[in-house]
Amino acid sequence: MSALPPREHVDFLVLGGGVAGLSFALEVAGHGSVLVLTKRQRSEGSTQYAQGGIASVLGTDDQFELHVEDTLVAGAGLCNREAVEVTVREGPERIRWLLSLGVEFDRGAAGLHLTREGGHSRRRIAHAKDATGREVERALLAACDARGIRIVEDAVAVDLITSGKIGLGGPSRALGAYVLSRDTGAISSVSAGVTVLATGGAGKVYLYTTSPDVGTGDGVAMAWRAGASIANMEFYQFHPTGLYHPQAKSFLISEALRGEGGILRNAAGEAFMARYDPRKELAPRDIVARSIDAEIKRRGDDCAFLDMTHLPKAFLLEHFPYIHATIKEFGVDMTVQPIPVVPVAHYMCGGVVTDLMGRTTLPGLFAIGEVSCTGLHGANRLASNSLLEGLVFGRRAAIRAADSLSDTTGPTPPIPDWNPGDALAPDEGVVVAHNWDEVRRTMWNYVGIVRTQKRLERARTRVSNLRTEIREYYWKYQVTPDLVELRNLADVAMLVVECARRRKESRGLHYVLDYPATDERQRRDTVMTLGDLEDAR
Ligand code: FAD
Ligand code: SIN
């Protein structure tokens with residue numbers, strides 16, 4: 001837990017301590033020195049808030065082909081079949097691995113109790129009540145402690161160090177990262193044989209999101225600035241059901257509630273989903289979120305309602321104790337009243353492009369978990385496939401990284417210390433707070449569930465102006481965690497807008513009124529690299 005020295009070298013530098021980063025660390029331990037960094041407390045990240053569970057073929061009525069097919073259907077033509085196949089086929093072994101680490105999944109009469117979520121043709125979600133992520137994160141951290149894996153908290157990676165940036169010849173490769181201590185404000189240089197991005201998503205780029213505060217897209221922004229390819233950022237997933245309550249910070253109401261029979265109603269009490277899709281409440285997530293959005297707008301309501309009151313109280317308390325207790329604090333008792341819900345930003349389907357072993361296009365750099373774009377999710381992620389992806393690709397990347405360590409080490413090139421230049425002490429926190437709010441509001445208003453080319457152009461102008469202002473501030477003042485995050489949020493916002501502008505069709509999560517149909521000629525990933533944006537820096 002102790003702070004970082006000003007400079008150090010490790011074999012494996014892992015940025016992020018969620019399901020992906022910790023899986024990688026556990027698999028690679030024993031092949032070299034491992035350092036895991038987390039931006040805040042070590043358990044803080046999306047993983048520990050995951051509710052529904054982990055999708056995998058575990059039931060006697062299930063088959064790999066069905067899980068593959070459900071994933072491909074949700075992904076709306078953009079999944080990489082190979083990525084889907086390996087994820088699905090390696091899933092059951094990963095669940096057994098978690099069991100071996102002591103994860104307490106719920107059990108039924110014939111093995112694990114499996115719940116159901118939208119887009120799944122079978123019950124296949126292994127879960128620990130309605131707080132699966134908390135149990136998984138607990139077990140992974142305990143396993144890391146038992147293996148003596150070093151985890152340093154409050155250590156904010158600011159930027160990747162690449163051979164290109166420090167002026168070494170040859171093709172650029174990742175050499176580690178500059179890391180800011182939240183406690184001391186000091187910046188360390190950590191060089192590494194292999195650098196792994198496991199930094200999670202970027203929900204904070206939107207005003208309303210289920211993401212915890214660490215979800216500011218740092219990994220995508222750092223990788224993009226370092227020259228790695230980024231793809232499919234237009235596909236930001238909105239979860240259909242965030243709690244609608246001014247103080248609730250978009251608390252998630254798990255899809256598992258619909259899986260167990262929850263009914264979506266409008267403010268007049270009418271069950272409306274049949275009007276939008278024959279699969280009703282269990283249609284894929286993009287469809288349910290858009291249907292709720294359309295229904296709310298059609299009627300001029302503030303929210304929709306998820307009705308669980310027809311289910312026995314004992315069943316609800318047994319299956320959803322965490323959600324029940326949390327929303328009760330906000331005055332909502334789901335056993336007797338419908339839950340007010342609205343769609344909120346939830347998951348980044350795009351990210352840093354990787355191959356099937358987690359390698360990015362920048363040698364020496366791996367990306368795993370939500371920060372990556374492996375091809376599993378395509379244009380829309382199937383529910384509960386992301387913890388699974390973190391587990392599968394955490395292991396795959398570890399196997400490849402351990403193998404490649406011998407090619408990537410050799411004498412460590414000298415890494416220059418962080419150069420603060422003439423940076424001044426930050427004087428106007430309000431500038432950061434104001435720009436932070438403006439980026440998120442712009443994205444919410446102009447780059448949400450339903451888009452138009454005109455709104456995207458407006459967003460582009462605004463985000464571009466904000467980036468200019470933020471860049472000036474960034475180079476003038478000393479770096480703080482808030483400033484690091486703001487800069488990253490603005491870069492990620494720009495990547496989402498630019499990817500969205502380039503896709504002139506509607507597909508999966510990207511729905512544009514100007515191009516409402518899917519155009520098979522555009523069935524390809526939207527890939528962005530540094531040179532694609534004229535104002536990139
Ligand atoms: P995270 O768990 O988000 O961890 C990111 C880590 O990166 C953190 O340790 C953070 O501190 C660190 N980090 C970030 N930036 C930096 C930096 N600059 N420097 C150093 N460290 C950094 N998926 C499912 O499959 N099933 C579910 O039931 C489910 N429920 C969900 C419920 C909620 C409320 C949310 C928000 C998501 C849910 N998801 C679910 C999605 C899933 O939880 C995430 O996609 C997954 O946990 C991401 O894991 P990760 O390891 O990639 O990142
Ligand atoms: C949920 O419990 O609804 C979240 C599942 C997911 O995001 O995969």
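Atoms within a ligand are numbered from 1 in the order they appear, just like the ligands themselves. The basis for the numbers below is simple: all heavy atoms, side chains too, and nothing from hydrogens, waters or symmetry mates. Because the structure is a prediction, the values reported are computed rather than measured.
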Leu376, Leu382, Thr87 screened by side chain to side chain contact (heavy atoms under 4.5 Å, CB included) with Leu388, the one that passes: Thr87
Within 6.0 angstrom of Lys165 NZ, more than 12 heavy atoms from elsewhere: yes
Salt-bridge contact Arg396-Glu90 (side-chain N to carboxylate O under 4.0 Å): yes
Nearest-0.5 Å distance that lies between atom CG in Leu356 and atom CD in Glu85: 11.0 Å
Criterion salt bridge (charged side-chain N to carboxylate O under 4.0 Å, His left out) on Asp213 and Lys249, from CA distance to verdict: CA-CA 11 Å; Asp213 289 345; Lys249 253 190 143 184; 3.3 Å; yes
Flag for Thr115-Glu260: side-chain donor and acceptor within less than 3.5 Å: yes
Among Val196, Val36, Val19, the one residue meeting side chain to side chain contact (heavy atoms under 4.5 Å, CB included) with Phe24: Val196
Contact residues of ligand 1, where a non-hydrogen atom lies under 4.0 Å away: Gly16, Gly17, Gly18, Val19, Ala20, Leu37, Thr38, Lys39, Glu44, Gly45, Ser46, Thr47, Tyr49, Ala50, Gln51, Gly52, Gly53, Ala155, Val156, Ala157, Ala198, Thr199, Gly200, Thr210, Asp218, Leu252, His346, Tyr347, Gly369, Glu370, Arg381, Ser384, Asn385, Ser386, Leu387
Expected rows: ligand 2 N/O, protein N/O, dist below 3.5 Å:
residue  : atom  : partner : partner atom : Å
ligand 2 : 2 (O) : Gly52   : N            : 2.9
ligand 2 : 2 (O) : Ser254  : OG           : 2.7
ligand 2 : 3 (O) : His239  : NE2          : 2.8
ligand 2 : 3 (O) : Glu255  : N            : 2.6
ligand 2 : 7 (O) : Arg285  : NH1          : 3.0
ligand 2 : 7 (O) : Arg285  : NH2          : 3.3
ligand 2 : 7 (O) : His346  : NE2          : 2.7
ligand 2 : 7 (O) : Arg381  : NH2          : 2.7
ligand 2 : 8 (O) : Arg381  : NH1          : 2.7
ligand 2 : 8 (O) : Arg381  : NH2          : 3.3
ligand 2 : 8 (O) : Ser384  : N            : 2.6

Between Ser56 and Arg94: side-chain donor-acceptor atoms closer than 3.5 Å: no
Heavy-atom neighbours of Tyr322 OH exceed 12 at 6.0 Å: yes
